[in-house]
Amino acid sequence: MMNHQSDDVPCMQSSLLGSHSSVHEVQSINSAELVARLESYEGSGKKGISDVRRTFCLFATFDLLFVTLLWIIELNTHGILDALQREVLQYDYYTSFFDIFLLSVFRFSMLIIAYAMCKLRHWWAVAITTSTTCAFLLVKVILSKLFSQGAFGYVLPIMSFILAWIEAWFLDFKVLPQEAETENRLRVIRSVSERAALLPPAPISEGQFYSPPESPEESDEEVEEKQDIEKPLV
């Protein structure tokens with residue numbers, strides 16, 4: 001009986017040591033995960049521009065190219081050289097589409113400078129481009145004679161108006177909130193990793209293990225043999 005208890009002692013000690021080492025392993029794994037996640041966020045920040053902001057800049061480029069394409073198609077319907085001379089060199093506010101093309105150039109230039117080069121984190125630049133586009137198009141549609149120019153008199157103003165509002169919506173509801181959320185996550189992960197680095201490892205104390213009283217040197221079998229020997233012979 002005492003032998004079984006003495007055999008259980010090293011098993012208990014080894015299990016306690018194993019549990020303590022497993023706790024250290026869990027702590028090291030958690031800290032490694034925090035460091036890896038922190039490095040991934042810092043690496044995404046070192047790229048200079050976020051993915052969602054790059055998508056916004058691509059859409060601003062699409063705005064310019066799409067309006068340019070529509071304007072070129074409109075010029076080509078009347079002979080491109082004659083139409084260029086009439087709409088650019090002999091510009092007329094009431095009949096020309098050249099100012100709508102310049103409006104798209106203005107949107108592209110201001111948005112790229114503000115959100116790609118200067119990395120602005122405010123909506124005022126896109127608010128200026130959207131409000132300027134809306135005001136100009138409303139006045140031009142009311143005062144000009146674009147509707148007498150065929151289908152492009154409807155398509156170019158409407159598409160410019162829609163693209164300007166899509167840019168404002170995309171920046172205000174996608175770009176800025178996602179970048180703010182990423183910064184908050186990076187701040188939280190950095191603070192947690194710094195706290196984990198400051199915590200010292202838990203020492204292994206001998207008082208955590210149970211040491212039962214020492215068993216006698218003689219085993220149970222030896223005691224039984226002695227008792228048999230000492231019995232009187234009948």
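- Looking only at side-chain heavy atoms (C-beta outward), L70 and F97 stay at 4.5 Å or farther from each other.
- Of the inter-residue distances, the one linking I112 atom CD1 with C57 atom SG reads 4.0 Å to the nearest 0.5 angstrom.
- The salt bridge (Lys or Arg N to Asp or Glu O under 4.0 Å) contacts involving residues 156-166 comprise nothing, where partners must be two or more places apart or lie in separate chains.
- The CZ atom of F101 sits 4.5 Å away from atom OG1 of T68, with the distance rounded to the nearest 0.5 Å.
- Partner of F108 under the side chain to side chain contact (heavy atoms under 4.5 Å, CB included) criterion, chosen from I113, L64, T129: L64.
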Next on the checklist: With side-chain contact (heavy atoms from CB on, under 4.5 Å) as the criterion, how do L58 and F62 come out once you've worked through the C-alpha distance, each side chain's angles and the decisive distance to 0.1 Å?
Outcome noted: CA-CA 6 Å; L58 287 175; F62 168 78; over 6 Å; no
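- Applying the salt bridge (Lys or Arg N to Asp or Glu O under 4.0 Å) rule to pairs touching residues 57-75 yields D63-R107, sequence neighbours excluded.
- The side chain to side chain donor-acceptor pair (under 3.5 Å) contacts involving residues 141-152 comprise nothing, where partners must be two or more places apart or lie in separate chains.
- Taking every heavy atom of both residues into account, W124 and L120 meet most closely at NE1-CD2, 3.2 Å.
- Within the 4.5 Å cutoff, no side-chain heavy atoms of T182 are placed close to those of L186.
- Hydrophobic cluster membership differs between I49 and M110, with clusters built from Ile, Leu, Val, Met, Phe, Trp and Tyr side chains linked at under 4.5 angstrom.
- Between V67 and M159 the shortest side-chain heavy-atom distance does not fall below 4.5 Å.
- A donor-acceptor pair under 3.5 Å links the side-chain atoms of Y115 to the main chain of H122, judged by distance alone.
- The aromatic rings of F170 and F56 sit parallel to each other, their planes meeting at less than 30°, with 60° as the upper class boundary.
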Next on the checklist: For a side-chain contact (heavy atoms from CB on, under 4.5 Å) check, start with the C-alpha distance between V139 and Y93, then their side-chain angles and the critical distance, and finish with the verdict.
Outcome noted: CA-CA 11 Å; V139 173; Y93 175 77; 3.4 Å; yes
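- The salt bridge (Lys or Arg N to Asp or Glu O under 4.0 Å) pairs that include a residue from residues 149-160 number zero, where partners must be two or more places apart or lie in different chains.
- Residues that satisfy the side chain to side chain contact (heavy atoms under 4.5 Å, CB included) test with L84, not counting sequence neighbours, are W71, L75, I80, V88.
- When the side chains of ILVMFWY residues are joined at heavy-atom separations under 4.5 Å, either directly or via intervening members, L143 and L156 end up in a single hydrophobic cluster.
- Under the side chain to side chain contact (heavy atoms under 4.5 Å, CB included) criterion, V141 pairs with F147, P157, not counting sequence neighbours.
- Looking at residues two or more places apart in sequence or on another chain, you find a side chain to side chain contact (heavy atoms under 4.5 Å, CB included) between L65 and T61.
- Atom CG of L102 sits about 4.0 Å away from atom CZ of F98, to the nearest 0.5 Å.
- Under the rule for a side chain to side chain contact (heavy atoms under 4.5 Å, CB included), L138 has no partner lying at least two apart in sequence or in another chain.
- Y94 and L103 fall within a single hydrophobic cluster, where Ile, Leu, Val, Met, Phe, Trp and Tyr are joined by side-chain heavy atoms under 4.5 Å apart, directly or via other members.
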Checklist entry - What do the steps show when you test L137 against S160 for side-chain contact (heavy atoms from CB on, under 4.5 Å), and what is the final call? => result CA-CA 8 Å; L137 290 176; S160 298; 3.8 Å; yes
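- When the salt bridge (charged side-chain N to carboxylate O under 4.0 Å, His left out) test is applied to E87, no partner is found at least two apart in sequence or on another chain.
- Within the structure, every pair that satisfies the side chain to side chain donor-acceptor pair (under 3.5 Å) test and touches residues 164-179, not counting sequence neighbours, is listed here: S50-E179, R53-E179.
- Residues passing the side chain to side chain donor-acceptor pair (under 3.5 Å) test with D99, sequence neighbours excluded: Y91, K140.
- Side chain of T130 to backbone of A127: no donor-acceptor contact under 3.5 angstrom is found.
- Taken to the nearest 0.5 Å, the CD1 atom of I166 stands 13.5 Å off from the CG atom of L171.
- The salt bridge (charged side-chain N to carboxylate O under 4.0 Å, His left out) check on R86 picks up nothing, with sequence neighbours excluded.
- For A164 against T133, the heavy-atom pair with the smallest separation is CB-CG2, 3.9 Å.
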